[in-house]
Number of protein chains: 2
Amino acid sequence: MSNQEIGFGDRCDPVPLARPALTADEAAALAAGFKAVADPTRLRLLSLIAAHAGGEVCVCDLTSGFDLSGPTISHHLKVLREAGLITGDRRGTWIYYRIVPSALATLAQVLAPAADLEVSA
Amino acid sequence: MSNQEIGFGDRCDPVPLARPALTADEAAALAAGFKAVADPTRLRLLSLIAAHAGGEVCVCDLTSGFDLSGPTISHHLKVLREAGLITGDRRGTWIYYRIVPSALATLAQVLAPAADLEVSA
DNA sequence: CGGCTGTTTCGACAGCTGTAAAGATAGGCG
DNA sequence: CGCCTATCTTTACAGCTGTCGAAACAGCCG
């Protein structure tokens with residue numbers, strides 16, 4: 001269980017937010033992805049993992065930066081994992097987490113069109 | 001009360017998700033924005049409003065596309081309004097809602113860097 | 001085996017989602 | 001002018017989901 005279980009990207013439909021309105025099915029899939037990001041702790045976890053770029057970040061490096069207990073961090077990592085936003089590889093005693101760029105790209109590309117409606121300044 | 005009450009964009013810091021890790025304060029502000037989008041109904045509402053591009057969408061046009069009651073739609077619109085993602089202008093009996101592109105852009109730009117770590121295809 | 005790392009299970013608490021009923025605002029008609 | 005209708009919002013309340021921590025469990029190394 002070191003790979004993502006599910007993924008809203010499975011629909012293979014990079015439908016933008018504007019122009020063709022989202023169907024209820026597409027909205028549900030995307031909402032699941034956004035829901036995983038809609039939490040300060042998970043957003044910060046994602047940020048810490050992404051900041052390493054190379055990717056491999058040990059969980060022990062993550063827990064030290066929060067005021068939360070170990071199990072709670074593990075829970076949030078599981079949510080991100082099941083959303084397909086990160087993957088965890090076990091290397092001996094430690095487990096290293098990595099970002100899944102395509103999943104993040106899908107979410108970003110959904111918001112981008114609506115953000116570019118008439119903004120310029 | 002026809003304008004957005006608050007906005008995570010108030011921080012005026014378009015901090016990307018990668019490189020400089022998010023602080024707890026930035027993460028909390030951004031999470032509030034994502035939380036407003038992390039719902040199938042709100043995502044679809046946002047999509048319907050954005051699809052009109054011109055912007056002005058009457059609430060009566062929105063409720064007809066859902067299996068939800070009026071008050072529920074109004075509640076979700078309020079959430080989006082308080083998140084600063086949309087604005088509502090009253091024109092007589094009807095209220096027309098409009099997208100706030102800059103708010104959507106802020107969210108999209110947060111995910112973009114992490115999505116562009118090594119993805120290319 | 002003993003210690004370490006990370007996860008899972010279980011329970012409590014807070015917050016969110018949805019509906020019904022009542023309240024505010026604008027326009028039409030007798 | 002008074003009252004009604006229509007649109008949208010707010011309030012109050014049931015049901016559900018999500019967040020968090022203490023304790024217990026699983027994988028790895030010396």
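Scope of the values below: all heavy atoms of this structure, side chains included, with no hydrogens, waters or symmetry mates. Note that the coordinates shown come from a computational prediction; the quantities given were computed from them, not determined experimentally. Chain letters run A, B, ... following the sequence lines, proteins first and then strands; every chain starts at 1.
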Is there a side-chain contact between [X] and [Y] in this structure, where contact means two heavy atoms from C-beta onward sitting under 4.5 Å apart?
X     : Y     : result
A/T72 : A/H76 : yes
A/V57 : A/L48 : no
B/D39 : B/V79 : no
B/L77 : B/L62 : yes

Value in whole Å for how far the [atom2] atom of [N] lies from [atom1] of [X]:
X     : N      : atom1 : atom2 : answer
B/W94 : C/dG28 : CH2   : C1'   : 11 Å
B/L68 : C/dC16 : CG    : P     : 18 Å
A/E56 : C/dG6  : CD    : C1'   : 17 Å
A/E82 : D/dG18 : CD    : P     : 11 Å
B/D61 : D/dT7  : CG    : P     : 11 Å
A/Y96 : D/dC28 : OH    : P     : 14 Å
A/K78 : C/dC10 : NZ    : P     : 12 Å
B/D67 : C/dG18 : CG    : P     : 11 Å

Establish whether A/Y96 and A/I73 are linked, either directly or via other cluster members, by ILVMFWY side-chain heavy-atom contacts under 4.5 Å. no
Tell me whether the OP1 or OP2 atom of [N] has a side-chain N or O from [X] closer than 4.0 Å.
X     : N      : result
A/S69 : D/dG21 : yes
B/H76 : C/dG18 : yes
B/Y97 : D/dT7  : no
B/S74 : D/dT9  : yes
B/R90 : D/dT7  : no
B/T72 : C/dT19 : yes

Closest to the 5' end of DNA chain C, once B/H75 and A/C58 are matched to their nearest nucleotides, is A/C58
Give one of base, sugar-phosphate or nothing for B/R42, where a contact means two heavy atoms less than 4.0 Å apart. sugar-phosphate
Need to verify one output field. Residue with the more 5' nearest nucleotide on DNA chain D, A/P71 or A/G92?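 It is A/P71 whose nearest nucleotide is closer to the 5' end.
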Please compare A/K35 and A/G70 by the position of their nearest nucleotide in DNA chain D and report the one closer to 5'.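 Final value for this comparison: A/K35.
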